[in-house]
J.: 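Encoded as structure tokens, here's the structure I'll be asking about.
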Amino acid sequence: MSAFLAIVRRDLALAFRAGGGALQSMTFFALAALIFALAIGPEPALLQGFAAPVLWAVALFAAVVSLDRLFQADFEDGSLDTMIETAEFLELQVLAKALAHWLTAGLPVIAATPAIALLFNLPPEGYAPLLASLLVGTPALSLFGAIGAAVGLGLRRASIPMAILSAPLYAPTLIFGVNAAQAGASGSPEYAPSLLLLGAISLFSALLGPIAGAAAIRLNMS
Amino acid sequence: MSAFLAIVRRDLALAFRAGGGALQSMTFFALAALIFALAIGPEPALLQGFAAPVLWAVALFAAVVSLDRLFQADFEDGSLDTMIETAEFLELQVLAKALAHWLTAGLPVIAATPAIALLFNLPPEGYAPLLASLLVGTPALSLFGAIGAAVGLGLRRASIPMAILSAPLYAPTLIFGVNAAQAGASGSPEYAPSLLLLGAISLFSALLGPIAGAAAIRLNMS
Amino acid sequence: MSGATFKLQSGETLLLKGSNGAGKTTLLRALAGLLPISGGRVLLAPAVKASPSELRAAAIYVGHTDGVKSAMTAAEHLLFWSRLYPGGAARIDAAVAAFGLDDLLKIRTGALSAGQRRRVALARLVISGKPIWLLDEPGASMDAESNANLIALVLAHNARGGAAVIATHDRIAITARTLVVERAPQAA
Amino acid sequence: MSGATFKLQSGETLLLKGSNGAGKTTLLRALAGLLPISGGRVLLAPAVKASPSELRAAAIYVGHTDGVKSAMTAAEHLLFWSRLYPGGAARIDAAVAAFGLDDLLKIRTGALSAGQRRRVALARLVISGKPIWLLDEPGASMDAESNANLIALVLAHNARGGAAVIATHDRIAITARTLVVERAPQAA
Amino acid sequence: MHEFLKMGGYAAYVWPAYAVSVLAIGGLGFAIWRRGRALQRKLKELDDHGGAK
Amino acid sequence: MNPFELANPDRFERFARPIALPVSVLAAALIGVGLYFALFNSPPDYQQGETVRIMYVHVPAAWMALMCYTALAVSSAVGFIWKHPLADVAARSTAPIGAVFTAVALVTGSLWGKPMWGAWWAWDARLTSVLILFFLYLGYMTVWAAIEDKARAARLAAIVAIVGFVNVPIIKFSVDWWNSLHQPASVLRADGATIDSAMLTPLLLMGAGYMTLFAALLIASMRNEIAARRLSRLDAAAERPISTVRVE
Ligand code: HEM
Ligand SMILES: Nc1ncnc2c1ncn2[C@@H]1O[C@H](COP(=O)(O)OP(=O)(O)OP(=O)(O)O)[C@@H](O)[C@H]1O
Ligand SMILES: Nc1ncnc2c1ncn2[C@@H]1O[C@H](COP(=O)(O)OP(=O)(O)OP(=O)(O)O)[C@@H](O)[C@H]1O
Ligand SMILES: [Mg+2]
Ligand SMILES: [Mg+2]
């Protein structure tokens, strides 16, 4: 358990040192949203509808981008050896790394959301659902992503990025996330169920991610 | 000169080894477009208007994301020493690395554009302008990015991501790029001038990028 | 590789010699349970076949790539490791003392000299509290003093009943049985 | 650091000794023109003050971090360097011969052993064709044979009128003036 | 017959669909068959030259 | 007979060689008859007109895309859990076949979409997830291609296949979950088929044809894979150790 916390804490520290961490992905996120606001153009009517999709897309994006190297650095400098050597449950350590990733890539995005949503002049009743959907859904992104990252360790010459492996897992998360946010904003009855479904996905990811990820790492390290 | 080519060639090789290179960022790009399309939803009418903004935004992401580490790896493993030691003009070497980056991050995006545009059902008359704007504009992204990356070398503790440094430079590129693409598609007279402006920006970047980048590296290495 | 039949008693040290590329690192990583052993088996204690996971539990490997992050200070590394290895917290001070890290604790390891950085990496041995130490070129780029220091540490470890396997090129002042690793003739 | 007043004639080798963290690497990097020299000056040839860029032109530095990319083969490295150093192409074969790299050329350096990788890094010396070699722990994790080999190479370099400064901890078989770098007492 | 080829004006969609299906699947079959032949030939050579079994 | 007995490649060879040809012939026959019905002996649809004939190549291909991936996931799981060599061989051999069927479903689908929806492509849940399925096949094959050590490749690829399986139910039910442009299931559904038998006959014939064709192709490429492995085992160089250890 203390190992779990130690890993989380270390990855957080590293993320903040290595040019940015939380702030990194927050600004990235803001930048991205801004780009879209700019791209879509000034019509507020148009913008409103896009707050949820764009914010969700960007959140997923921020995750995908940073996940590729989730284990790579540790693998190269040998500290993954130490982690394997000391792990009674490698799954826990994968979970820890995924959690750290969510804290540095997922949470900041959520923190920035209200500001960005304002910029998209999202109607007031839209905020709670959007935040809820992100809060419930984004952990799944980090957890599913860990699988791709772990598998990717092995293939030096892979010509297809491992994001592809996680894509089928990202897609439903994204779709249900946007659904939930929009249903909530429009006060449709679908809101609760789609939010529940989203939660189910996250739970599933919390199970699948560590198991599959750990299995892949074990394979790649041997 | 042969050094210039050597650096370009080496960086291309490395990019391809490290999981994919061109294909890497191409699929990454396709994935990104897919993410947005999924988020925005199926209505083809809606999508059409978004081809240009989304493609430009994604091109920018692809650049930003990979630029952070443009010099980092060489710095850490000491090969930046060799490059400085042998450079009569460090500017040239920065230019070489920026070029290599554009070839692996910018060009593939452009190559993939027609396919993605098809999926966004971009109207036929939209293709030429979109491609033109990307072709003229994206080099500026790699070149401006090089400045941020070079400055970033120094500040280990920096908690502000390099993206921010380059953001003010990216923004106009992006805005004019999207403008040009959309103006061209709608056949408005703005097309030619905004494309010219874009070209001017790229030229400026080709001047500023190497000079500022090289200066920053010299500072950081001493 | 083949023919690796040898016995490592508790309280003894084995030296691995052999030219570059002979296979020392490979052997050590296998012993550490970080590589699969194709054929041949490793016996822990009275003839118990050890699975890689058991090996990982008993042995600690410090290799060429030292698992030290340039962005973190020595102190942060020690703290981190002490959390990974059960009971490590109690051994931090011992580790600092053993490798004279007192005045390096607050410096980013990236700013440390090669030898200083190496010492930080080796501090993991003490923190781990594992019985079997597997060292790959421990002395590389450490000065004579730190090297003597390390050897004393290994001997003390033996005295405490711990075992060690050390791969090295420079002759070091430990009287121990030596394993010679040779590169098998390849059909080029 | 201070007090570094010494003379390096063409055709001679200087040894840098000193405990870990004494400042050898720092000194070498300064000589290589990779660090600014605060006070004190470096004279190239008859009392010409050398600017960092002149130093960079005259000297090559091979340090702890060897500038070798795991993803590229040895051959690719040699080719790359031969493009960076003017006229390097002509010296590739010499470099391969000097460090016996023939049968390593096609392997990813990431798969090489520590010593083999080190040899690849050192091959840069020969390719550069520079008169002044600045070596930081060249022998680290190389076996006796490769080390002897390297020393022979340095002597040959001297014979050709080249100069070398070598920072090392292990006593090596070169009769040369030795420079001892010491860490100034710190106000801890 | 001509009517049939016109596919009620949808020829441009129907026939390509059939063509793609035939070519892709047929091509795959052919590729597999070719690989099989090559492999069998190699194996045979090895066996003839008393290659280890 | 117990399928595990096939674990032994030679036994598989003995089982496969005799049936290989008949299966291929059967596949050819079924598809031939199916095509005849599809093109000459079935009515145009009252609203889709002649384009409905695309259905006879599109739908079976789409079915196979899903079927193949299911087979891939199952054999991967068997190979992963029971370390069953033949299962790995089967999985690896299934992937390219499935990829081709998926590609056909995609292309014929969008060829059908242009006249029906007026667009080659729509970012509808089913279409997108089929596209992802295609990527998955590619990813799976990349893993095999990118790793020299085949034993490791097999297990890594297996993880990919098993994880990716979640995509299949999504595809199957996407039309019901998200209001999609795409046809809801009209054949493979709990309450029985809902399309006219004149169209059902050729559809089912083609379906059966594709299925047997898959069997034939699978057998063929599994035999190839086994032969290839025998070849690589035959070159002795791989056996020699890199280094030896001697005590002094
Ligand atoms: C690229 C575009 C398309 C893709 C990727 C696609 C994919 C699929 C898939 C995966 C299935 C099998 C579903 C199942 O087994 O339950 C299917 C079935 C089917 N598709 Fe498509 N399709 C596409 C376009 C179209 C179009 C344009 C039409 C007609 C307007 C169409 C009509 C059908 C029909 C009738 C079925 C059979 C449904 C059933 O009976 O189960 N598809 N398609
Ligand atoms: N993928 C590979 N391809 C080719 N050769 C390989 C591969 N992996 C390892 N080797 C070879 O196996 C040997 C393993 O060397 P190892 O690192 O064990 O040597 P070592 O005894 O530790 O040498 P050193 O003293 O230099 O560390 C090396 O010769 C290396 O070239
Ligand atoms: N930013 C910094 N903060 C604190 N100390 C620093 C910093 N940068 C360098 N140092 C110190 O300056 C010294 C530089 O050591 P240098 O690398 O030159 O030693 P060295 O003689 O090469 O030692 P080794 O033999 O271990 O390589 C080290 O003691 C290091 O701790
Ligand atoms: Mg070694
Ligand atoms: Mg040093």
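Computed over heavy atoms, backbone and side chain alike; hydrogens, waters and symmetry mates excluded. Chain letters run A, B, ... following the sequence lines, proteins first, then strands; residues in each count from 1.
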J.: Mind checking the CG-CG spacing from C:Leu27 to C:Asp136? Nearest 0.5 Å is all I need.
T.: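 Between atom CG of C:Leu27 and atom CG of C:Asp136 there are 10.0 Å.
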J.: Which distance, rounded to the nearest 0.5 Å, do you find between the CG of D:Asn158 and the CH2 of D:Trp133?
T.: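 Answer rounded to 0.5 Å: 8.5 Å.
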J.: Against chain D, label C:Arg119 side chain, backbone, both or neither, depending on which of its atoms sit under 4.5 Å from a heavy atom there.
T.: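 Contact with chain D: side chain only.
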J.: Enter the distance from C:His64:NE2 to C:Arg29:CZ here, rounded to the nearest 0.5 Å.
T.: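 So the gap between those two atoms works out to 10.0 Å.
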J.: Show, in sequence, the C-alpha distance, side-chain angles and deciding distance for D:Ile60 and D:Leu134, and conclude whether the side-chain contact (heavy atoms from CB on, under 4.5 Å) test is met.
T.: CA-CA 6 Å; D:Ile60 173 172; D:Leu134 305 170; over 6 Å; no
J.: Examine whether an atom of D:Glu137 lies under 4.5 Å from a heavy atom of chain C, and if so say whether it belongs to the side chain, the backbone or both; otherwise answer neither.
T.: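 Only the side chain of D:Glu137 comes within 4.5 Å of chain C.
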J.: D:Thr25 versus chain C, heavy atoms under 4.5 Å apart: side chain, backbone, both or neither?
T.: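 Neither part, no heavy atoms under 4.5 Å.
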